[in-house]
K.L.:
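Below you will find the structure I want to go over with you.
Throughout, a chain's letter reflects where its sequence line sits, starting with A, and its residues are numbered from 1. Atom set for the values below is all heavy atoms of this structure, side chains included, hydrogens, waters and symmetry mates excluded. Given the structure is predicted, the values throughout are model-derived calculations rather than measurements.
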Number of protein chains: 2
Amino acid sequence: MGFKKRRVKLEDIARKLNVSIATVSRALDENPRVKPSTREKVFNTAKLMGYMPNQIAKSLSSGKTNIIGVLIPRYDEPFFIEVCRGIDQYARNHNYKILISSSRNSYEFEKENLISFERGLVDGIILSPTHETENVAHLNDLISKGMPMVLFDNIREQVSGADHVMIDDKKASFAAVEFLIKKGKKKIAFIGGIKEKKVFQDRYKGFIAALTEYDIPVHKELILHCNSLHREFEDKEILDFFQHLSTTPDAVFACTDNYGLLTMKTLLKTGKKIPEEVAVIGFGDLGLGEVFVPTLTCVSQPSFEMGQKAAELLINQLNEPDEMDHKKTIVRLETQLTEREST
Amino acid sequence: MGFKKRRVKLEDIARKLNVSIATVSRALDENPRVKPSTREKVFNTAKLMGYMPNQIAKSLSSGKTNIIGVLIPRYDEPFFIEVCRGIDQYARNHNYKILISSSRNSYEFEKENLISFERGLVDGIILSPTHETENVAHLNDLISKGMPMVLFDNIREQVSGADHVMIDDKKASFAAVEFLIKKGKKKIAFIGGIKEKKVFQDRYKGFIAALTEYDIPVHKELILHCNSLHREFEDKEILDFFQHLSTTPDAVFACTDNYGLLTMKTLLKTGKKIPEEVAVIGFGDLGLGEVFVPTLTCVSQPSFEMGQKAAELLINQLNEPDEMDHKKTIVRLETQLTEREST
DNA sequence: AAAAAAAATACAAACGTTTGTATTATCGTT
DNA sequence: AACGATAATACAAACGTTTGTATTTTTTTT
């Protein structure tokens, strides 16, 4: 056997049964236009011959691939994986597959990936813009060509023509900081991420708003915007920050779980007691917080649900008969504060 | 504009330039058969008209999709994500995309996913079998139909006709346990995963082999095979285990990072000092171990490299002119022990 | 039993490429 | 200026489906 097995195709079944290809195609589709007895014969023969439909040919003919393109800024962040799981679950239940790509935090790669999606491999796109993505011309462009699109997380500028799935970052962090204030904390530190990222901007706004609301002065010294894009450096950055503080805060609001953990780790090393001396809150709640001692109080972000919702919106768009009369939706999912040992 | 924009195709360019479709196709391919001046014109017009090739049509015509199907048991395990990153990187550099699916730890879903891959959407498959996968008839079947395949991790039974990428689990765990023994540890506990999973079986063998080698008796009581497939339950299972021990071990060899962390967490809660009273080693080393206090000594598994290697092997298979004379390869990647504070 | 209606099936174009072969244009040679 | 050689291009089939329309077969009606 030194040859590649030729695949069985509709034609082979048709020939064997002395019917037309069209009939075979319709029979397998359970189209009522073919006689039940014929359908039966076709089914049996197809099984017997080991027929397997050719997805590519189907797609070319029907103009649908039943694939959803998903573009995330990076793989190694549990949040995005969790969103993908959500997308995958919903998509799978509706007969779609997902093709995940990473823009590796780069605007250029984002554009590159979108171009590749534009080549007709996907029916629609779910995307989380990178922090580098300042303008959305490339997205508008794609949408105007008729590509259905849903955005989630970190939406700096709204894109007319795309659905959006987000949380209210400002509100969520306001609530978290308010929670700390009500515990009697007065010197609250802020650990944020890269300033360019919309979600971090909003979380910062919520932080400031809460302090303002409760007449607590803002100490510039207690604020850190992490710039690192890689785990190893974040570690160092946070360590440095706490080492060079002239006073110790009595609480820390961290913009991600990971920052929260790194904060706790640093504080514990310098002998601080958590939560007695310093309370810590993280953001995200993707399992990491429960492993640590003490466990980390978190703003719980419904990541899986965000994915499900995004998939739902996209598939709805795909099913609209006239794409143009779709009323674009903005969905804001609720967050909640999950209290654990660190506060 | 209530209509879907029709895509520009080769025919449109051809008509505009008064040349044939074939010429346009070849021009865009930079085929030397077309005159440089014509190629120039075609390129310009293509750009002007916003031509975007149709990947589906290309695939149907050429018989190649340039997509690699990846099937992993679950998304929410950093190991698999890391392998996927490795695959993705290599694949991308060689003009392939990856389509990831999860078999959700189920043999049935594994088969289902493979059938969907068989529909011609992917050129080849990289797969990590589930723990439920006892026989590999479905894999052999697919391979005999000409589907290139590479297996990684948890290979219970070798599949002739597929390449394999693995680590030597037994050797790695032997080394880890030996390390503990040489530190003077005598009562070493073992925290493994589901017994059906080949990797856990091998890690257990390595553990036993090390004890035997150094004439240390095996205490059944100190051995736990976690059965939980979900994080929440693992937690409880490990807590229970340590609570019901009549004696405390002086070291723990855990078969995953997560088990290692949970172990440390449990021990710390009961007031044990790590590493003075109990040393702990984990397995995997995917970043989690560095967050904890104390940091976790780990067997470092080259996950990213496993992915890269798997992709390399698969793409090599895809490029072989005659698929049948490919000498199937088994690659064993090296592990190493990364010493941190927990030992 | 013939005509009309309905059911079942066949034909053929279309989806947008690639690619082998045939044809036409261009060039150098004499 | 005619010829052959070569370069450039055109034609058409193929990839494996789907689907609108035409045709044939069967059933119903009178």
Side-chain angles (χ1 to χ4, degrees), chain A residues 4-43 45-46 49-67 116 118-123 145-146, chain B residues 4-43 45-46 49-67 116 118-123 145-146:
Chain A
K4 178 137 185 169
K5 283 229 182 83
R6 206 181 61 86
R7 289 176 70 115
V8 176
K9 49 186 175 175
L10 292 184
E11 197 189 335
D12 302 315
I13 302 175
R15 193 158 22 218
K16 176 161 250 166
L17 291 177
N18 254 308
V19 296
S20 73
I21 295 179
T23 297
V24 177
S25 172
R26 291 196 166 102
L28 291 173
D29 260 15
E30 315 211 32
N31 185 314
R33 271 172 63 173
V34 341
K35 189 160 53 167
S37 67
T38 311
R39 187 204 305 157
E40 196 80 356
K41 277 191 289 184
V42 170
F43 266 89
T45 315
M49 300 179 75
Y51 172 71
M52 197 55 80
N54 181 321
Q55 186 58 48
I56 297 294
K58 260 187 149 122
S59 296
L60 181 61
S61 182
S62 67
K64 305 214 77 220
T65 62
N66 277 49
I67 298 178
S116 129
E118 199 184 340
R119 291 167 130 79
L121 200 69
V122 302
D123 290 341
K145 286 180 182 165
Chain B
K4 178 134 187 170
K5 283 230 183 82
R6 203 181 62 84
R7 289 175 70 115
V8 176
K9 47 185 176 175
L10 292 183
E11 196 188 335
D12 301 315
I13 302 175
R15 195 165 13 226
K16 177 161 247 166
L17 291 176
N18 253 308
V19 297
S20 73
I21 295 178
T23 297
V24 177
S25 172
R26 291 197 166 100
L28 292 173
D29 260 16
E30 314 211 31
N31 185 314
R33 270 172 63 173
V34 340
K35 188 160 53 166
S37 67
T38 312
R39 187 205 308 158
E40 196 80 357
K41 276 192 289 182
V42 170
F43 267 89
T45 315
M49 299 177 78
Y51 173 72
M52 197 56 79
N54 181 321
Q55 187 57 48
I56 297 293
K58 263 189 146 118
S59 296
L60 180 61
S61 182
S62 67
K64 305 213 78 223
T65 62
N66 277 49
I67 299 178
S116 130
E118 198 184 338
R119 291 168 130 81
L121 201 68
V122 302
D123 291 341
K145 287 181 182 164

K.L.:
Over all strands shown, is A/S62 touching base, sugar-phosphate only, or nothing at heavy-atom distances under 4.0 angstrom?
P.N.:
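No contact.
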K.L.:
Just by distance, do the side chain of B/S59 and the backbone of B/K64 share a donor-acceptor pair under 3.5 Å?
P.N.:
yes
K.L.:
Quick check: closest heavy atoms across B/N66 and B/D123, and the distance to 0.1 Å?
P.N.:
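So the two residues come closest at N-OD2, 2.7 Å.
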K.L.:
Take the protein atom CG of B/N66 and the nucleotide atom C1' of C/dT18, then report the distance between them rounded to whole Å.
P.N.:
14 Å
K.L.:
What is the distance, to the nearest angstrom, from the NZ atom on A/K58 to the P atom on D/dT17?
P.N.:
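Taking atom P of D/dT17 as the reference, NZ of A/K58 is at 8 Å.
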K.L.:
Any idea which of D/dT9, C/dT18, D/dC15 is nearest the B/K35 side chain?
P.N.:
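My answer, after comparing the listed nucleotides, is D/dT9.
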K.L.:
So, OP1 or OP2 of C/dT9: does either fall under 4.0 Å of a side-chain N or O from A/T38?
P.N.:
yes
K.L.:
If only side-chain N and O atoms of B/S61 are considered, is one of them under 4.0 Å from the OP1 or OP2 phosphate oxygen of D/dA14?
P.N.:
no
K.L.:
Can a donor-acceptor pair be found, under 3.5 Å and without considering hydrogens, that links the side chain of A/T65 to the backbone of A/L121?
P.N.:
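Confirmed, A/T65 side chain pairs with A/L121 backbone.
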K.L.:
Atom CG of B/N31 to atom P of C/dT17: distance rounded to whole Å?
P.N.:
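For the pair B/N31 CG and C/dT17 P, the rounded distance is 17 Å.
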K.L.:
Quick one: the side chain of B/R26 and the base of C/dG20, do they pair up donor-acceptor inside 3.5 Å?
P.N.:
yes
K.L.:
Once you apply the 3.5 Å cut-off to both distances, tell me the Watson-Crick or G-U wobble partner of D/dC15, or none.
P.N.:
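D/dC15 is paired, partner C/dG16.
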K.L.:
Considering heavy-atom distances to DNA chain D, does B/S20 or A/D29 have its closest nucleotide positioned more toward the 5' end?
P.N.:
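Upstream on the strand: B/S20.
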K.L.:
Please pick, from D/dT17, D/dA10, C/dA10, the nucleotide with the shortest atom-to-atom distance to any side-chain atom of A/V19.
P.N.:
C/dA10
K.L.:
Rounded to the nearest Å, what distance is computed from the CG atom of residue B/N18 to the C1' atom of nucleotide D/dT9?
P.N.:
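Spelled out: CG on B/N18 to C1' on D/dT9 is 12 Å.
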K.L.:
Please determine, for the side chain of B/Y51, which listed nucleotide (D/dT18, C/dG16, C/dT17) has the closest atom?
P.N.:
C/dT17
K.L.:
Closer to the 5' end of DNA chain C via nearest nucleotide, is it A/R39 or A/A57?
P.N.:
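Of the two residues, A/R39 wins.
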K.L.:
Round to a whole Å and report the spacing from CZ of B/R7 to C1' of C/dT17.
P.N.:
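Answer to the nearest Å: 12 Å.
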K.L.:
Under 3.5 Å, is there a donor-acceptor pair between the side chain of A/R39 and the main chain of A/E30?
P.N.:
no
K.L.:
Send over the distance from B/R33 CZ to D/dA10 C1', rounded to a whole Å.
P.N.:
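Checked: the CZ to C1' distance equals 10 Å.
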K.L.:
Kindly say if A/T23 contacts the phosphate of C/dA10, meaning a side-chain N or O under 4.0 Å from OP1 or OP2.
P.N.:
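For A/T23, the contact criterion (side-chain N or O under 4.0 Å from OP1 or OP2 of C/dA10) is met.
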K.L.:
Quickly work out the B/I21 CD1 to D/dA12 C1' distance and round it to whole Å.
P.N.:
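Taking CD1 of B/I21 and C1' of D/dA12, I get 11 Å after rounding.
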K.L.:
Under 4.0 Å between a side-chain nitrogen and a carboxylate oxygen: does that hold for A/R6 and A/D12?
P.N.:
yes
K.L.:
Tell me the interatomic distance from A/E11, atom CD, to D/dG16, atom P, rounded to whole angstroms.
P.N.:
9 Å
